[in-house]
Structure formats: C-alpha cells, structure tokens
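Report on the structure given below.
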Amino acid sequence: MPSPSLPRLVLVLALVWGGAVLAQPQRRQPQEFQNRKELTQAEKDAAKARAMGNNLNGYGKDVQIKETPIPWMAIGLVGIVFLVATPFAIRAYRGTVRDMSDTNTFGARGNATEDEA
C-alpha cells in the first residue's frame, strides 16, 4: 500500500501556492482624470489634422529609394554554363541508361547468359 503522504504533500503545496497567488495585491487601475476639459469639435479636428500630417524629421520628403539593378551579366553567365553543360549531361544520362538496361536481370532486354543455353 503506497504511502498517502505524497498525495497529501501535493494537495498542501497546491493549496499554499494558490493562496499565495490569490493573496498578491491587485494591480492598480489607471486613475481617471476628472478635471480634463472637453475639446470642441474644431479643436478635435485640428488635433486630428496635426496627428495625420505630423512629420517629425522630414525624412520621407527627400529620401530616394535605391533600386539594385538586375544582374544581367550573372544571369547570362549561368545561361552559358547550362548551354555548355547540357550536351555532356545528356550523354552521361544516355550512357547510364544503356549500362543499366544491359545489366537488367528481371526484364526481357537483358544480355543472354549461360542459363539460357
């Protein structure tokens, strides 16, 4: 029969920890400013216009976005390399297919062996 001390310990720790969490002081809510004056519609519109058109440092006026040119020379070089390498790749592919078809033991296209004689 297992000792009942482990479940009791877990229960006591859970209750103590939960009580400690609940005993923490609540965070204060922001204070309401009651002496704040209400803005008229014209003041609201003026504040909105200032907020919309506010440009603190004028950074966006004179900035030109630099576009990097397309590397046509590198693209052309890669194209030339592919054009030169393609015939060699085709020749290697065909040679490999030919070698594999000659050693095919399961198909009818394989070389004749001494078993068939």
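The model shown is predicted, which means the values in this text are computed figures rather than measured ones. These numbers come from the heavy atoms of this one structure, side chains and all, not from hydrogens, waters or symmetry mates.
- With sequence neighbours excluded, the residues satisfying side-chain contact (heavy atoms from CB on, under 4.5 Å) with Ile70 are Trp72, Ile75.
- In terms of the side-chain contact (heavy atoms from CB on, under 4.5 Å) criterion, residue partners of Leu11 (sequence neighbours excluded) are, by chain and number, Leu15.
- Taking Ile, Leu, Val, Met, Phe, Trp and Tyr as members and joining any whose side-chain heavy atoms lie under 4.5 Å apart, directly or through other members, Met73 forms no hydrophobic cluster with any other residue.
- Here Val12 is tied into one hydrophobic group with Val16, each link being a pair of ILVMFWY side chains closer than 4.5 Å.
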Only distances under 3.5 Å count here; give the side-chain donor-acceptor pairs of residues 84-96 to other protein atoms, sequence neighbours excluded, each with its distance to 0.1 Å.
residue: Thr86; atom: OG1; partner: Phe82; partner atom: O; Å: 2.5
residue: Thr96; atom: OG1; partner: Ala92; partner atom: O; Å: 2.8

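- Every side-chain contact (heavy atoms from CB on, under 4.5 Å) that Thr40 has, sequence neighbours left out, goes to Ala42, Glu43.
- Contacts of Glu67 classified as side-chain contact (heavy atoms from CB on, under 4.5 Å), with partners at least two apart in sequence or in another chain: none.
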